[in-house]
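Notes follow once the structure below has been shown.
Side chains are part of it too, since the values below use all heavy atoms of this structure and drop only hydrogens, waters and symmetry mates. Position 1 is the first residue of the sequence; numbering continues from there.
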Amino acid sequence: MQLYNKLSAKERAALIDEAGTDRLTLSFYAYAHIGNPQIFRNHLFIHWNELDVLGRIYVAKEGINGQLSVPAPNFEAFKKHLDSISFLENVRLNIAREQDTKSFLKLKVKVRKKIVADGLDDDTFDVTNKGVHVDASAFNELIEDPNTVLVDMRNHYESEIGHFKGAVTPDVDTFRDSLDIIEEDLKDHKEDKKLVMYCTGGIRCEKASAYYKHKGFKNVFQLEGGIIEYARQVEAQGLENKFLGKNFVFDHRRAERISDDIIANCHQCGTPCDTHVNCENEACHLLFIQCENCAAELENCCSTECMEVNRLSFEEQKALRKGKGNSNKIFKKGRSEALKYKK
């Protein structure tokens, strides 16, 4: 019985081209108490592999977080399987605004300690005791209230290319970094301010809202369905769009445009730009913002040093990497000293 992906990304891409079938990119999450995540993980893989589902799914005792794509003809069968699982019945599915048949090229279902890494060693708060969910219309009203503090629960490289007007955007690399920072900054307003949070699809806010309620915040709200659902509701209902720029996504697309505003700059020359790329030098692979001119000049690399390395043969590059671990720049997205105009 197959329980793991056996095809390479290149092989899968070729099969997708050969099939010529539209695929739907979507995401969902659910916090729940899962007794045996490994058994649940295997159950999902067996069923979804048969449906040609591709993506990155994390399972833990606290729930499930899925970002995936499914062939359009198989969507109803996929939804039927979700509904057959008690805590996933009628779960919100955030359908991507911009579709790409190759948003994911492998099916990876992994068991993790947590579906959202938070760095917390605190089992005294109930992650299901969440804040108040608000839709796009109520959210727009809330953030106009002078007693509201609007907080972006995403990382710096996400908010750099897009965020809501007036939002606090913590300069952090990970979700876990933001929790204590936000609590410290707002410690004097736990009762007199409305804490309103948002993220990509809602999963980080769900955990954060439960955490801040546990920490004594009295008025905690979160944008239901995150930026993805907000954009859908704004378009469907003709509401004012208060989001500026792009919504960063964790697949091959890297972002979806929500408004025409470009609020970021090329990290190499400073010109207005909000296109994320990975450095062409695989030993670096740094995620950063690069305009078309700099991409041409530096051959899709983050620095002249990386460009020179990337020009070497595979064997020469392999020899240079021998005995060295991955550069930590991979995990410090946009933080390299080589980037003159980094945030």
Side-chain angles (χ1 to χ4, degrees), residues 27 29 65 67 94 96-98 116-119 131 134 136 139-140 142-143 148-186 195-209 211-212 221-231 234 241-251 253-267 270-278 286-291 329-336 339 341-343:
S27 61
Y29 72 90
N65 176 21
Q67 301 170 62
N94 284 323
R97 288 169 56 83
E98 299 174 0
V116 175
D118 53 31
V134 293
F139 178 83
N140 279 357
L142 264 176
I143 63 178
T148 291
V149 178
L150 177 62
V151 179
D152 191 321
M153 294 305 301
R154 302 172 302 152
N155 305 324
H156 76 91
Y157 55 89
E158 299 173 79
S159 60
E160 185 174 12
I161 62 169
H163 55 74
F164 282 101
K165 300 174 184 178
V168 176
T169 56
D171 187 20
V172 296
D173 293 317
T174 65
F175 172 71
R176 72 186 69 183
D177 294 334
S178 64
L179 292 175
D180 290 340
I181 291 174
I182 293 168
E183 184 189 4
E184 176 63 25
D185 288 348
L186 301 179
L195 175 58
V196 181
M197 296 173 289
Y198 69 90
C199 57
T200 307
I203 187 170
R204 284 174 278 188
C205 292
E206 192 106 341
K207 176 170 282 191
S209 68
Y211 179 72
Y212 289 128
F221 302 84
Q222 68 180 90
L223 177 59
E224 184 177 13
I227 301 164
I228 297 173
E229 176 63 14
Y230 175 87
V234 163
N241 177 22
K242 294 180 179 291
F243 190 89
L244 303 171
K246 285 181 174 179
N247 179 31
F248 187 97
V249 294
F250 293 89
D251 59 55
R253 297 171 300 146
R254 296 197 182 95
E256 294 181 320
R257 184 162 293 286
I258 307 299
S259 82
D260 293 331
D261 304 278
I262 298 177
I263 65 172
N265 301 293
C266 172
H267 284 163
T271 191
C273 178
D274 56 10
T275 302
H276 273 111
V277 299
N278 286 109
L286 175 74
L287 181 76
F288 67 107
I289 297 174
Q290 185 180 54
C291 69
K329 289 188 293 183
I330 294 174
F331 308 105
K332 295 292 185 182
K333 298 177 175 65
R335 300 290 200 189
S336 171
L339 302 175
Y341 292 92
K342 66 182 182 299
K343 181 177 177 182

Distance col, row Phe288:CZ vs Arg335:CZ, nearest 0.5 angstrom, shows 15.5 Å
Is there a donor-acceptor pair under 3.5 Å between the side chain of Thr148 and the backbone N or O of Leu150? no
Contact summary for Gln222 and Cys205, nearest pair of heavy atoms: OE1-O, 3.7 Å
Check for a donor-acceptor pair, side chain of Glu158 on one end and backbone N or O of Asn155 on the other, with a separation under 3.5 Å. yes
Grab the two heavy atoms, one from Gly201 and one from Asn94, that are nearest each other, plus how far apart they are. O-ND2, 3.5 Å
Mind running side chain to side chain contact (heavy atoms under 4.5 Å, CB included) on Val249 and Glu98 for me, showing each step along the way? CA-CA 11 Å; Val249 294; Glu98 299 174 0; over 6 Å; no
Could you check Arg154 against Thr169 for side chain to side chain contact (heavy atoms under 4.5 Å, CB included), going step by step and ending with a plain yes or no? CA-CA 8 Å; Arg154 302 172 302 152; Thr169 56; over 6 Å; no
Quick one: do Lys242 and Tyr230 satisfy side chain to side chain contact (heavy atoms under 4.5 Å, CB included)? Show the steps, please. CA-CA 10 Å; Lys242 294 180 179 291; Tyr230 175 87; 3.6 Å; yes
Nearest 0.5 angstrom please: Leu244 CG to Asp260 CG, how far? 11.0 Å
Heavy-atom closest pair (Leu286 atom, Ser336 atom, distance to 0.1 Å) is CD2-CB, 3.6 Å
For a 4.5 angstrom cut-off between non-hydrogen side-chain atoms, does His156 reach Val172? no
Could you tell me whether the side chain of His267 and the main chain of Ile289 form a donor-acceptor pair under 3.5 Å? yes
I want to check something: taking the side chain as every heavy atom from C-beta on, are Val149 and Val196 in contact at a cut-off of under 4.5 Å? no
Polar side-chain atom of Glu256 near backbone of Arg97 as donor-acceptor pair, under 3.5 Å: yes
Between Asp118 and the options Arg204, Arg176, Lys207, the side chain to side chain donor-acceptor pair (under 3.5 Å) test singles out Lys207
Check: Asp251 side chain, Arg253 main-chain N or O, donor-acceptor pair, under 3.5 Å: yes
Kindly indicate whether the side chain of Asn247, heavy atoms from C-beta on, has any atom under 4.5 Å from the side chain of Ile228. yes
Examine distances only and state if a side-chain atom of Asn241 and a backbone atom of Val234 form a donor-acceptor pair shorter than 3.5 Å. no
Can any side-chain N or O of Arg257 pair as donor or acceptor with the backbone N or O of Ser259 at less than 3.5 Å? yes
Determine whether Ile182 and Pro170 make a side-chain contact, defined as any pair of heavy atoms from C-beta on separated by less than 4.5 Å. yes
Indicate the atoms forming the closest heavy-atom contact of Ile263 with Ser159, along with that distance. CD1-O, 4.1 Å
Output for pair (Asn140 CG, Phe243 CZ), nearest 0.5 Å, gives 13.0 Å
Considering all heavy atoms, the nearest Cys266-Cys273 contact: N-CB, 3.8 Å
What are the two closest non-hydrogen atoms of Thr200 and Phe248, and how far apart are they? CG2-O, 3.8 Å
Does Gln67 offer a backbone N or O that forms a donor-acceptor pair with the side chain of Ser27 under 3.5 Å? no
Counting only N and O atoms by type, is there a donor-acceptor contact under 3.5 Å from the side chain of Tyr198 to the main-chain atoms of His163? no
Can you name the residues that form a salt bridge (charged side-chain N to carboxylate O under 4.0 Å, His left out) with Lys246, not counting sequence neighbours? Asp274
As an exercise, state the distance from CZ of Arg254 to CG of Asn278, rounded to the nearest 0.5 Å. 4.5 Å
Report the distance from atom CG of Asn265 to atom OH of Tyr341, rounding to the nearest 0.5 Å. 9.0 Å
Ring centroid separation for Phe139 and Phe164, is it under 6.0 angstrom? yes
When you check the side-chain N and O atoms of Glu183 and Tyr212, is any donor under 3.5 Å from an acceptor? no
Which distance, rounded to the nearest 0.5 Å, do you find between the CG of Leu142 and the CG of Leu195? 11.0 Å
